[in-house]
Asks: 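One structure, as structure tokens, below. Some questions next.
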Amino acid sequence: MTPEELLTTTRTVRKRLDLTRPVPLDLVKRALTVALQAPSGSNRQTWEWLVVTDATQRARVGAVYAKACAAYLASSGAAGRLFADDPSRSAVQKRVHDSVAYLAERMGDVPVLVLPCLRAKLPSGNQAGLWGSVLPAAWSYMLAARSYGLGTAWTTLHLTHEREVADILGLPDDVHQAALIPTAYYTGETFKPAPRRPLDEVLHVDGW
């Protein structure tokens, strides 16, 4: 793939994750090695990575995610309730809503769960620099995984119950989860770019 193709076809994969095909840990490690080349503020590299492959642990984390997702899907901000006055966007949002529900029921069955974490004392004020030193690396992991034939999804709903997941996985108190990234081979051939708002609608030059 060209860089442009990789960047425009790395999609959130939910319904097309192959739950039956094992993912070699070495392949996940290879993608994480790429992720470690991402930028990090002051080169502190405060990221930590928890890879969950044990079936029992995956099931427990998946149950927490399903609980959080049920509350989200019932909320007014759920994907399927957005842009109700725009028929074309509403149809897309309803498909997203359905796929979120699908993954919630199966998160614990995904072969590999990757949790990018930040190990730091979080200040009461601006935290953008800290989180900005782990989120690019997490995205780099997802890009690398895509280039190796794996599908991923960026999810954060479990963070409503972050402490519960931390207790399941034995995380120290100074380790904070940034996301939960299910990782598996995907079904089908490939992915295509998603519809997005035109650049001119969101671009501001030299001021708002």
Side-chain angles (χ1 to χ4, degrees), residues 3 6-14 17 23-69 71-72 100 103-104 107-108 110-184:
L6 176 63
L7 289 166
T8 58
T9 64
T10 299
R11 307 256 60 88
T12 291
V13 187
R14 301 185 185 97
L17 292 173
V23 175
L25 182 58
D26 283 348
L27 193 58
V28 176
K29 288 181 176 179
R30 184 179 172 191
L32 288 173
T33 300
V34 172
L36 297 186
Q37 293 297 316
S40 172
S42 299
N43 196 32
R44 291 185 179 181
Q45 303 177 52
T46 51
W47 46 55
E48 302 278 349
W49 305 86
L50 179 54
V51 177
V52 185
T53 61
D54 177 78
T56 300
Q57 295 292 71
R58 286 188 284 117
R60 294 180 69 189
V61 173
V64 175
Y65 183 84
K67 175 173 63 175
C69 192
Y72 160 73
V100 170
L103 179 59
M107 181 67 85
V110 179
V112 176
L113 303 178
V114 175
L115 291 92
C117 299
L118 172 67
R119 186 160 205 164
K121 182 178 180 180
L122 297 180
S124 57
N126 181 11
Q127 297 182 5
L130 288 172
W131 291 110
S133 293
V134 65
L135 300 186
W139 177 234
S140 289
Y141 164 74
M142 296 172 71
L143 291 169
R146 163 84 172 109
S147 73
Y148 301 148
L150 299 174
T152 59
W154 179 271
T155 76
T156 57
L157 291 175
H158 79 290
L159 294 175
T160 304
H161 307 287
E162 181 179 3
R163 186 67 258 168
E164 188 173 348
V165 173
D167 289 342
I168 291 172
L169 300 175
L171 271 65
D173 290 340
D174 63 341
V175 173
H176 311 280
Q177 301 161 57
L180 171 62
I181 304 175
T183 302

Asks: Could you measure the distance from the CG atom of Leu50 to the CD1 atom of Ile181? Nearest 0.5 Å is fine.
Replies: 11.5 Å

Asks: State, yes or no, whether a side-chain contact exists between Val52 and Val112 at a heavy-atom distance under 4.5 Å.
Replies: no

Asks: So, taking the atom named CG in Leu27 and the one named OG1 in Thr183, what distance separates them when rounded to the nearest 0.5 Å?
Replies: 10.0 Å

Asks: Side chains of Leu17 and Leu103, heavy atoms from C-beta outward: is any pair under 4.5 Å?
Replies: yes

Asks: Sequence neighbours left out, what passes salt bridge (charged side-chain N to carboxylate O under 4.0 Å, His left out) with Glu164? Give chain and number order.
Replies: Lys67

Asks: Can you name the closest pair of heavy atoms from Leu143 and Leu6 and give their distance?
Replies: O-CD1, 3.5 Å

Asks: Tell me, please, which residues at least two apart from Leu159 pass side chain to side chain contact (heavy atoms under 4.5 Å, CB included).
Replies: Thr156, Glu162, Gln177

Asks: Please check: side-chain N/O of Ser140 versus main-chain N/O of Ala38, any donor-acceptor pairing under 3.5 Å?
Replies: no

Asks: Answer whether the closest heavy-atom distance between the side chains of Val134 and Thr46 falls below 4.5 Å.
Replies: no

Asks: Determine the minimum heavy-atom distance between Thr12 and Ala153, stating which atoms define it.
Replies: CG2-CB, 3.6 Å

Asks: Heavy-atom distance under 4.5 Å between the side chains of Leu130 and Leu122, does that happen here?
Replies: yes

Asks: When you compare the side chain of Val114 with that of Trp49, does any pair of heavy atoms fall below 4.5 Å?
Replies: yes

Asks: Please name the pair of heavy atoms, one in Cys117 and one in Val175, separated by the smallest distance, quoted to 0.1 Å.
Replies: CB-CG1, 3.6 Å

Asks: Going by atom types only, do Tyr141 and Thr152 share a side-chain donor-acceptor pair under 3.5 Å?
Replies: no

Asks: Show, in sequence, the C-alpha distance, side-chain angles and deciding distance for Val51 and Leu32, and conclude whether the side chain to side chain contact (heavy atoms under 4.5 Å, CB included) test is met.
Replies: CA-CA 10 Å; Val51 177; Leu32 288 173; 3.8 Å; yes

Asks: Can you find a heavy atom in the side chain of Val100 that is under 4.5 Å from one in the side chain of Tyr72?
Replies: yes

Asks: Under a 4.5 Å cut-off applied to non-hydrogen side-chain atoms, are Thr155 and Leu157 in contact?
Replies: no

Asks: For His176 and Ala120, indicate whether the former's side chain and the latter's backbone hold a donor-acceptor pair under 3.5 Å.
Replies: yes

Asks: Does a side-chain heavy-atom distance below 4.5 Å link Val61 with Leu180?
Replies: yes

Asks: Just by modelled atom types, is the Val110 backbone N or O under 3.5 Å from a matching donor or acceptor in the Arg58 side chain?
Replies: yes

Asks: To the nearest 0.5 Å, how far apart are SG in Cys69 and CE in Met107?
Replies: 8.0 Å

Asks: Can you give me the closest heavy-atom contact between Ala138 and Trp154, atom names plus distance?
Replies: CB-CZ3, 3.5 Å

Asks: By salt bridge (charged side-chain N to carboxylate O under 4.0 Å, His left out), which residues pair with Asp173, not counting sequence neighbours?
Replies: Arg163

Asks: Using a 3.5 Å distance criterion without hydrogens, assess whether the side chain of Thr10 forms a donor-acceptor pair with backbone atoms of Leu7.
Replies: no

Asks: For Trp131, give me all partners under side-chain hydrogen bond (donor to acceptor under 3.5 Å, both in side chains), at least two apart in sequence or on another chain.
Replies: Gln127

Asks: Can you name the nearest heavy-atom pair linking Ser133 to Gly41, along with the distance?
Replies: OG-N, 2.8 Å

Asks: Give me each pair satisfying salt bridge (charged side-chain N to carboxylate O under 4.0 Å, His left out) with a member in residues 112-124, each pair once, sequence neighbours excluded.
Replies: Arg119-Asp174

Asks: Enumerate the residue pairs fulfilling side chain to side chain donor-acceptor pair (under 3.5 Å) with a member in residues 27-43, sequence neighbours excluded, ordered by first and then second residue.
Replies: Arg30-Tyr148, Asn43-Gln45

Asks: Using 0.5 Å steps for rounding, measure from the CG atom of Leu118 to the CD atom of Glu48.
Replies: 9.0 Å

